[in-house]
Amino acid sequence: MRCIFCLESDRPAYSVEHIIPESFGNTEHVLPRGVVCDPCNNYLARKVEKPLLDSIHFMNLRGRNVVSNKRGMVPLQYGFCPGARTAVGVQFSSTEGLSIGAWSEADDKPFVKYVLGSSKGSVLVPLEGPIDERVLARFLGKIGYEIAFIYLTKVGRTS
Ligand SMILES: [Zn+2]
């Protein structure tokens, strides 16, 4: 079978292609082995999906909805602690509960100092973040192309 992206037939193709990334919770909508070669699959994961998954908008969305990545980790949500004037990371775990820490090592000392010196405070976590439209367009284009492939070829269709 030829890869639907590079059209090569002599490249390794052992992995399944997730139409929607596993990190968005998708385990059932996949293209079967052989449809996308491994180099193209890796390229799509690194250059098309990862930039979107790493955006604050989608990290916070996944963190807020407790959507684990394929290693079982729920992403940090990016937030801000006005009292400490530092960026913070907020994470929810079903076993550990809620944890909040400085976003970067540089913010660690002022954040800890503020927390230890305060009886109360607040953390703001944005519901939305900026989205790079080019990154989003590439991501949606990949999904649309793969869905079109399923409907045009019936490969991977269940009905
Ligand atoms: Zn390919």
Side-chain angles (χ1 to χ4, degrees), residues 4-5 14-33 35-36 38 40-112 114-116 118-151 155-159:
I4 64 170
F5 286 97
Y14 299 110
S15 52
V16 296
E17 163 63 11
H18 287 76
I19 296 170
I20 296 168
E22 280 181 282
S23 297
F24 280 156
N26 171 40
T27 55
E28 65 180 281
H29 302 291
V30 297
L31 294 176
R33 282 176 179 46
V35 173
V36 178
D38 292 344
C40 285
N41 195 326
N42 291 336
Y43 175 86
L44 294 169
R46 285 181 293 110
K47 300 293 187 179
V48 177
E49 296 170 354
K50 188 174 185 323
L52 193 75
L53 292 167
D54 287 349
S55 70
I56 288 170
H57 181 90
F58 283 100
M59 282 178 37
N60 283 12
L61 182 66
R62 291 168 52 220
R64 188 169 53 252
N65 289 296
V66 196
V67 179
S68 309
N69 64 18
K70 54 187 165 188
R71 290 183 300 264
M73 300 288 295
V74 175
L76 284 175
Q77 294 180 67
Y78 180 86
F80 183 72
C81 177
R85 296 176 186 261
T86 59
V88 294
V90 178
Q91 189 166 39
F92 179 78
S93 156
S94 56
T95 56
E96 306 286 323
L98 186 68
S99 51
I100 302 171
W103 184 259
S104 69
E105 201 172 316
D107 284 340
D108 197 41
K109 203 170 182 176
F111 178 70
V112 170
Y114 172 75
V115 169
L116 293 176
S118 306
S119 60
K120 63 180 180 176
S122 61
V123 169
L124 307 173
V125 178
L127 294 176
E128 295 182 6
I131 298 175
D132 183 327
E133 291 180 359
R134 183 174 178 273
V135 168
L136 182 61
R138 283 168 54 95
F139 179 79
L140 294 175
K142 178 205 88 89
I143 291 172
Y145 182 66
E146 292 175 350
I147 290 172
F149 173 80
I150 288 173
Y151 280 93
V155 170
R157 281 179 70 174
T158 55
S159 59

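Atoms considered below: every heavy atom in the structure, side chains included; atoms not considered: hydrogens, waters and symmetry mates. None of the values given here were measured: they were computed from a predicted structure.
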Distance-only criterion, 3.5 Å: show the donor-acceptor pairs between side-chain atoms of residues 132-140 and protein atoms not counting sequence neighbours.
unit_1 : atom_1 : unit_2 : atom_2 : d
D132   : OD1    : R134   : N      : 2.9
D132   : OD1    : V135   : N      : 3.4
R138   : NH2    : Y43    : OH     : 3.0

If you look only at distance, which donor and acceptor atoms sit under 3.5 Å apart when one is on a side chain in residues 18-30 and the other is two or more places apart or in another chain?
unit_1 : atom_1 : unit_2 : atom_2 : d
N26    : OD1    : E28    : N      : 3.1
N26    : OD1    : H29    : N      : 2.9
N26    : ND2    : I20    : O      : 2.7
N26    : ND2    : H29    : O      : 2.9

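For the atom pair CG of L52 and CD1 of I131, the computed distance is 7.0 Å after rounding to the nearest 0.5 Å. To the nearest 0.5 angstrom, K142 atom NZ is 6.0 Å from L44 atom CG. To the nearest 0.5 Å, atoms OH (Y145) and CD1 (I150) are separated by 12.5 Å. Within the model, atoms CG of N42 and NZ of K47 stand 12.0 Å from one another, a figure rounded to the nearest 0.5 Å. Here L76 contributes atom CG and I56 contributes atom CD1; the two are 11.5 Å apart, rounded to the nearest 0.5 Å.
For D54, the side chain to side chain donor-acceptor pair (under 3.5 Å) partners are K50, not counting sequence neighbours. Partners of Q77 by side chain to side chain donor-acceptor pair (under 3.5 Å), not counting sequence neighbours: none found. Applying the side chain to side chain donor-acceptor pair (under 3.5 Å) criterion to N41, with sequence neighbours excluded, gives S15. Shown here are the side chain to side chain contact (heavy atoms under 4.5 Å, CB included) partners of Y114, two or more places apart in sequence or in another chain: C81, A84, S118. When the side chain to side chain donor-acceptor pair (under 3.5 Å) test is applied to S93, the partners found at least two apart in sequence or on another chain are T95. A search for side chain to side chain contact (heavy atoms under 4.5 Å, CB included) contacts involving S104 returns A106, D107, not counting sequence neighbours.
Sorted by first and then second residue, the salt bridge (Lys or Arg N to Asp or Glu O under 4.0 Å) pairs with a member in residues 79-102 form an empty list; sequence neighbours excluded. Applying the ring-ring contact (aromatic ring centres under 6.0 Å, His included) test to residues at least two apart or on different chains, the pairs with a partner in residues 76-101 are Y78-W103.
The minimum heavy-atom distance linking P51 with R46 is given by the pair CD-O, 3.4 Å. Nearest heavy atom pair, residue F5 against residue C40, reads CB-SG, 3.9 Å. In terms of heavy atoms, R64 sits closest to P126 at NH1-O, 4.0 Å. Of all heavy-atom pairs between I4 and E146, the closest is CD1-CG, 4.4 Å. Considering every non-hydrogen atom in both P82 and S122, the closest pair reads CD-O, 3.3 Å.
Counting only distance, with no hydrogens or angles, the side chain of Q91 and the backbone of G63 share no donor-acceptor pair below 3.5 Å.
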